[in-house]
Protein chains: 2
Amino acid sequence: MSHTLGIRQAQKQKTRQALMDSALQLLEDQSLSSLGLREVTRAVGMAPAAFYRHFAGTADLGVALVEQALGSLHGTIRAAIVTTGSSEERIDRAVALIGAHVRAHPAHVRFIARERHGGVAPVREAIGVQLRRFADEVAEALGADPESAGWTPADLRMLAGVYVDHMVMTASALLEGDAGSEESVLATARAQLRLVTLGRHHWLD
Amino acid sequence: MSHTLGIRQAQKQKTRQALMDSALQLLEDQSLSSLGLREVTRAVGMAPAAFYRHFAGTADLGVALVEQALGSLHGTIRAAIVTTGSSEERIDRAVALIGAHVRAHPAHVRFIARERHGGVAPVREAIGVQLRRFADEVAEALGADPESAGWTPADLRMLAGVYVDHMVMTASALLEGDAGSEESVLATARAQLRLVTLGRHHWLD
DNA sequence: CCACTCAGTAAACATGTGTTCGCCGAAGTT
DNA sequence: AACTTCGGCGAACACATGTTTACTGAGTGG
C-alpha cells in the first residue's frame with residue numbers, strides 16, 4: 001500500500017485539508033448553503049480561483065466534510081455495541097463514548113446536525129447514506145446478541161434506528177447546552193436508553 | 001376582543017403574511033441563513049426597502065415563521081395525548097396525526113426540521129423554546145395518566161422528551177422519503193412507540 | 001375638510017459574490 | 001537537460017446583496 005506520494009500530491013492534500021478545516025470553522029455559525037467560496041479561500045489565505053483545483057463548489061466541499069466527519073466513525077460504533085457486560089454497563093459505555101466524541105470533535109458534530117436536514121441536497125443525501133449504514137451495522141450487531149433471538153430483521157432494524165437517532169439527538173443536545181449541563185444531558189440519555197432496553201426485554205411478550 | 005382593525009392594518013398584515021408565505025416557499029430548498037431579503041421581496045413583488053416595514057431582517061422573519069409553524073400546534077398536541085383507549089389505539093391516533101399534519105403543512109415541517117439546528121441563533125432558540133414547551137405539556141399530560149403513578153417528575157420529563165423527539169424525527173423522515181414510503185415510515189414509527197410503551201410499563205420494576 | 005400617519009417606492013451606496021481567463025514557476029518525467 | 005504537468009495567482013466579468021435616503025399617496029381621525 002502506502003506509496004510515499006510525491007511532494008506535489010502531499011501539498012495538494014494539505015491545502016485541501018486546510019480548506020476543509022477553515023470551512024468547518026466558518027460553519028460553526030452559518031449553514032453550508034450560505035457559505036461562500038471566497039469566504040473559505042480568504043480564511044485559508046489563497047486566491048478564490050484556486051478553490052476549483054480541489055472542489056467543484058461548496059456543495060462538493062460539504063460532501064467531503066461528511067466523509068471526514070462520519071466515515072471514520074464506523075469502527076468506533078461497532079466497538080461501542082460490543083455485547084459484553086450488563087445492560088447498565090453497556091449503556092454507560094455508549095453514552096460516555098458519545099460525550100467524549102462530542103468533546104473531541106464539536107465542529108464535526110455541529111456540522112452533521114446542521115446539514116442533516118440542511119438546504120444542500122447532495123450533502124443531506126451523503127449524511128443520510130452514512131446514518132443508514134450506521135443503522136445497518138448496529139442492526140447486524142444486535143442480531144448477533146443472544147438477547148435478540150426471535151426478533152425479525154425488520155424489528156431489529158427498527159431498534160437500530162432508535163439507537164442511531166438517539167445517538168444523533170444526544171450529540172446535538174450536548175452542543176446546545178452550556179458546558180455545565182453536560183452531565184444532566186448524559187444522565188437523561190442514559191435513562192432513555194434504559195427505557196428502550198426495558199422495552200427490548202419485553203418485546204416478544 | 002377582535003376590533004375590526006382598520007383597512008390599513010389589515011393590508012399590512014396581509015402583505016406581512018405574503019412575505020412569510022413567499023419566504024417559506026423559498027426555504028423549501030435552502031436554509032434561512034442564505035435567504036436574501038431581496039429574494040423575498042422579489043417573490044412578493046415589492047420593493048426591497050418595504051421589507052423593513054415588517055421585519056428587522058431575515059432572522060426576524062424566521063422567528064415569526066417559527067411562531068406560525070409551532071404556535072398553533074399546542075392544542076393539537078394536548079388533544080393527541082388524551083389518555084382514552086388502549087395503548088395501541090393511542091399510538092395509532094398519534095402517528096396518524098403526525099402523518100396528517102405533515103401532509104397538510106409540509107413546508108412548515110421542513111422549515112422547523114431544517115432550522116432546529118440551523119445557522120441562525122435566534123431562530124434556533126425560538127424553536128428550542130417551543131419544543132421544550134411541548135415536552136412540558138406532554139409531561140404534564142403523562143402525569144395525569146394513572147399509569148404514571150410512582151414516576152418521578154424528572155422521569156416523566158425524560159419520557160416526554162422521547163415522545164417529542166420521536167415526533168420531530170418521524171415528521172422529518174416523512175419529508176425525506178418519496179410519497180410511496182409514507183406508510184412504511186409510519187409503521188416504523190408505530191413500532192418504536194410500542195417499544196417505548198413496553199419500557200414504560202416495566203419502568204418501576 | 002384638513003393635517004397627519006405610514007406602507008410602499010425608486011434610486012443610489014458600497015460591498016460581496018461565483019466563475020473564467022491567461023500566466024507563472026516549482027515538481028515530475030523522460 | 002529538455003519537456004510536461006498542474007497548483008496557485010491576479011485581474012476582470014456581470015451581477016446580487018443589505019441598507020439608507022427622500023418621496024408619494026391612500027387611510028385615518030379630529
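Computed from a predicted structure; not experimentally measured. Below, each value reflects all heavy atoms present in this structure, side chains not excepted, and no hydrogens, waters or symmetry copies. Labels below follow one simple rule: chain letters A, B, ... track the order of the sequence lines, proteins then strands, and each chain is numbered from 1.
Separating the CD atom of A/Gln30 from the C1' atom of C/dT17 is a distance of 13 Å, rounded to the nearest angstrom. Atoms CZ (B/Phe51) and C1' (C/dA10) sit 19 Å apart, rounded to a whole Å. In this entry the distance linking CD of B/Gln11 with C1' of C/dG8 reads 11 Å, nearest Å. Straight-line distance from the CD atom of A/Gln9 to the P atom of D/dG8: 12 Å, rounded to whole Å. Separating the CE atom of A/Met46 from the P atom of D/dG7 is a distance of 11 Å, rounded to the nearest angstrom. Look at CG on B/Leu37: it is 13 Å from C1' on D/dT20, rounded to the nearest Å. Here the C1' atom of nucleotide D/dG7 and the CD atom of A/Gln13 are 14 Å apart, to the nearest Å. Taking atom CZ of residue B/Phe55 and atom P of nucleotide D/dG18, one finds them 15 Å apart after rounding to whole Å.
Closest to the side chain of A/Ala50, from the set D/dG8, D/dG7, C/dA7, is D/dG8. Nearest nucleotide to the B/Ile7 side chain, out of D/dC9, C/dT17, D/dT28: D/dT28. Here the nucleotide nearest the side chain of A/Ala49, chosen from C/dT9, D/dG25, D/dG10, is D/dG10.
Residue contacts for A/Arg42: at a heavy-atom cut-off of 4.0 Å it reaches the sugar-phosphate backbone alone, with no base atom in range.
Mapped onto DNA chain C by nearest heavy atom, A/Arg8 and A/Leu35 fall at different nucleotides, with A/Leu35 at the one closer to the 5' end.
Put simply, A/Thr15 has a side-chain N or O that comes within less than 4.0 Å of OP1 or OP2 on D/dG8. Regarding contacts with the backbone of D/dT19, a side-chain N or O of B/Tyr52 is found under 4.0 angstrom from either OP1 or OP2.
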Just do the side chain to side chain donor-acceptor pair (under 3.5 Å) check on B/Gln130 and B/His74 with the steps written out, would you?
CA-CA 9 Å; B/Gln130 296 282 353; B/His74 292 274; 2.8 Å; yes

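B/His201 has its side chain within reach of B/Glu147: a pair of non-hydrogen atoms, C-beta onward, lies under 4.5 Å apart.
No hydrogens or angles were tested; on distance alone, a donor-acceptor pair under 3.5 Å links the side chain of A/Arg38 to the base of C/dG18. Residue-to-nucleotide contacts include no donor-acceptor pair under 3.5 Å from the side chain of A/Arg53 to the base of D/dC6.
Within the model, atoms CG of A/Leu195 and CZ of B/Arg200 stand 9.5 Å from one another, a figure rounded to the nearest 0.5 Å.
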